[in-house]
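Okay, so here's the structure we're looking at.
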Amino acid sequence: MVKINENYLKLPGSYLFSTIAKKVSAYTEKNPDKKLIRLGIGDVTQPIAPAIIEALHSAVEEMGSADTFHGYAPDLGYGFLRELIAKEDYSSRGCPISADEIFVSDGAKSDCGNIQEIFDENCKIAVCDPVYPVYVDSNVMAGRTGEYDEKTGKWSNVIYMPCTAENDFVPCLPEEVPDLIYLCVPNNPTGTTLTRDQLKVWVDYANENGAVILYDAAYEAYISQDDVPHSIFEIEGAETCAIEFRSFSKNAGFTGVRLGFTVVPKALVRGGVSLHSLWARRHGTKFNGAPYIIQKAGTAVYSAEGKAQLKEQVTYYMRNAEVIYDGLKEAGCQVFGGVNAPYIWLKVPAGMTSWEFFDYLLEESSVVGTPGSGFGPSGEGYFRLTAFGTYENTVEAIERMKKCLPSLYK
């Protein structure tokens, strides 16, 4: 008889955003005449920049000619894109990363979920709490997290590093030494960051203890403060302890196009084995490469025109973040984030759970956000709003919220 992977049965409920989608669907069916504004899922709304569209069209034309047609992409990505990434994202910042240490993929989410495959099932993970759900869920599926406690919302074999207002949402070094450390900077969902000095502490800790940092830098394009590094490889020693994930989704609007990359330095060795070679083997076996058309579009991200156009888009979204932040402050809310990331993290009113606040906001203002408890136990009592909506919808959503929230925060 066929046996299933019973680790999947350990996952509580459905994926966070699937649950939200079901609630929203039920609400819209019941209230078909109400205009719903979505500030929940971190999906972009601005169209792909003209320079990128031009590159896409050009690549499509190439695929229509025998002389310029492309089939399977190279396992690790086309050299023309990897070399650009190495130059623009790393060499320009003094990072010791070469093109052959870059693995092009269909997005950071896939890589963040798949990277755990190259590690032993007994490796212990440490996660910031709250945290992007994929880090924990993918390790649950692999049988690495132990048992789930519904009362605490924690897994028995996961090291949680609480990030709350009391510690400025900056994780402390864990008392128990983990094997794998997940860091998301700028953080999703709290929108907070680590300075160079703070990140250096983690790099030194990982090197001293033989741990590996899995560093999600999907939102680095939104960093505005000079003392916040855009890559962990700006920190001395990171190439011997860190793997970095990057995405074209948030900086270039590729959520519906799909492109990302992972950096695994050759100097990263554990148990006498190069993690670069392990990831290359996994990548080549299970992935046939991002499409040529999409990788060509990715090159336009680094063109002069592309950079200028994408800077405007980032500015657009961060203006939304300012609208949300200022509006919620005016409504009496305690708010965080919105400076180096397109997320606002707010404290829900006393006496309400984050899901109760979700339901209240949906019913009273037809605005959708994300309950903090969906990101981990320390997310309870908080709520995430995204700045990825249109400016007009963002302004309208905040005006609605300013009408119904002040009474809750008295």
Side-chain angles (χ1 to χ4, degrees), residues 39-44 89-90 93 95 107-109 111-112 127-135 161-165 167-171 181-203 213-235 238 242-255 260-263 310-311 313-322 324-325 335-346 369-370 372 375-376 378-379 382-389:
L39 299 182
I41 192 169
D43 194 3
V44 296
D89 288 327
Y90 295 101
R93 297 187 182 280
C95 303
K109 180 177 182 178
D111 289 350
C112 285
V127 296
C128 294
D129 175 31
V131 73
Y132 184 45
V134 170
Y135 309 150
M161 302 180 292
C163 299
T164 63
N167 62 4
D168 296 321
F169 302 99
V170 175
I181 303 168
Y182 286 85
L183 294 178
C184 179
V185 184
N187 183 264
N188 176 16
T190 65
T192 52
T193 56
L194 297 176
T195 65
R196 281 180 169 77
D197 287 344
Q198 289 171 330
L199 192 51
K200 184 65 165 66
V201 170
W202 284 97
V203 168
I213 297 174
L214 303 175
Y215 193 80
D216 186 350
Y219 298 94
E220 64 80 27
Y222 294 85
I223 293 172
S224 62
Q225 295 177 318
D226 292 338
D227 197 32
V228 177
H230 288 252
S231 167
I232 194 171
F233 298 116
E234 293 180 44
I235 308 301
I243 293 172
E244 181 168 285
F245 309 95
R246 290 283 192 99
S247 171
F248 285 75
S249 289
K250 312 304 182 183
N251 68 325
F254 276 41
T255 55
F261 62 89
T262 292
V263 179
L310 296 181
K311 184 177 180 180
Q313 288 196 355
V314 168
T315 300
Y316 178 94
Y317 291 129
M318 291 310 291
R319 179 175 65 157
N320 289 349
E322 185 176 1
I324 298 171
Y325 187 97
V335 291
F336 311 91
V339 177
N340 295 297
Y343 292 121
I344 304 298
W345 189 241
L346 67 140
T370 308
F375 297 100
S378 291
Y382 292 92
F383 199 77
R384 192 193 77 175
L385 292 172
T386 171
F388 284 125

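The structure presented is a predicted model; accordingly, all values stated were derived computationally and were not measured.
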Completion exercise
So the salt bridge (Lys or Arg N to Asp or Glu O under 4.0 Å) pairs with at least one residue in residues 244-253 (sequence neighbours excluded) are Asp89-Arg246, Glu220-Arg246, Glu244-Arg246

Problem - Residue pair Phe375 / Asn188, side-chain heavy-atom distance below 4.5 Å - result: yes

Handout entry: Smallest separation among heavy atoms of Asn251 and Leu310, with atom names
Key = O-CD2, 3.5 Å

Completion exercise
Distance col, row Asp197:CG vs Asp227:CG, nearest 0.5 angstrom, shows 6.5 Å

Handout entry: Distance-minimising heavy-atom pair for Ala387 and Ala321
Key = CB-N, 3.5 Å

Exercise for the section: Working to the nearest 0.5 Å, report the span between CG of Leu183 and CE of Met161. Expected result: 5.5 Å

Problem - Note, Lys109 side chain near Tyr132 side chain (heavy atom, < 4.5 Å) - result: yes

Problem - Non-hydrogen atoms of Pro229 and Leu194 that approach each other most closely - result: CD-O, 3.5 Å

Practice task
Mind checking side-chain hydrogen bond (donor to acceptor under 3.5 Å, both in side chains) for Glu234 and listing every partner two or more places apart, or none if nothing turns up?
Solution key: Arg196

Problem - Interatomic spacing from CG in Asn187 to OH in Tyr219 - rounded to 0.5 Å - result: 9.5 Å

Practice task
To the nearest 0.5 angstrom, please state how far the CG atom of Leu385 sits from the CG atom of Leu346.
Solution key: 5.5 Å

Handout entry: Side chain proximity check, Asp168 to Thr192, heavy atoms < 4.5 angstrom
Key = no

Completion exercise
Of all heavy-atom pairs linking Asn340 and Val228, the shortest is ND2-CG2, 4.3 Å

Practice task
Side-chain contact test, heavy atoms from C-beta onward, threshold under 4.5 Å: evaluate it for Phe169 versus Trp345 and give yes or no.
Solution key: yes

Problem - Side-chain touch Pro130/Thr190, heavy atoms, less than 4.5 angstrom - result: yes

Exercise for the section: Look at the side chain of Asp111 and the backbone N and O of Ala108, then say whether any donor-acceptor pair between them is shorter than 3.5 Å. Expected result: no

Completion exercise
When rounded to the nearest 0.5 Å, the distance separating OG1 of Thr255 from CD1 of Ile41 is 9.0 Å

Exercise for the section: Please examine the side chains of Asp216 and Tyr135, heavy atoms only from C-beta on, and report whether any two atoms are closer than 4.5 Å. Expected result: yes

Exercise for the section: Take the angle between the ring planes of Phe388 and Tyr343 and call it parallel below 30°, perpendicular above 60°, tilted in between. Expected result: perpendicular

Exercise for the section: Specify the closest pair of heavy atoms between Ala238 and Ile232, including all atoms of both residues, with the distance to one decimal. Expected result: CB-O, 3.2 Å

Problem - Set of residues satisfying side-chain hydrogen bond (donor to acceptor under 3.5 Å, both in side chains) with respect to Tyr222, sequence neighbours excluded - result: none

Exercise for the section: Ignoring hydrogens and angles, tell me if any N or O in the side chain of Thr370 forms a donor-acceptor pair with the backbone of Gly40 under 3.5 Å. Expected result: yes

Practice task
With rounding to the nearest 0.5 Å, note down the distance linking CD1 in Ile235 to CG in Leu199.
Solution key: 4.5 Å

Exercise for the section: Search all heavy atoms of Val44 against all heavy atoms of Ser249 and return the closest pair with its distance. Expected result: CG1-O, 3.8 Å

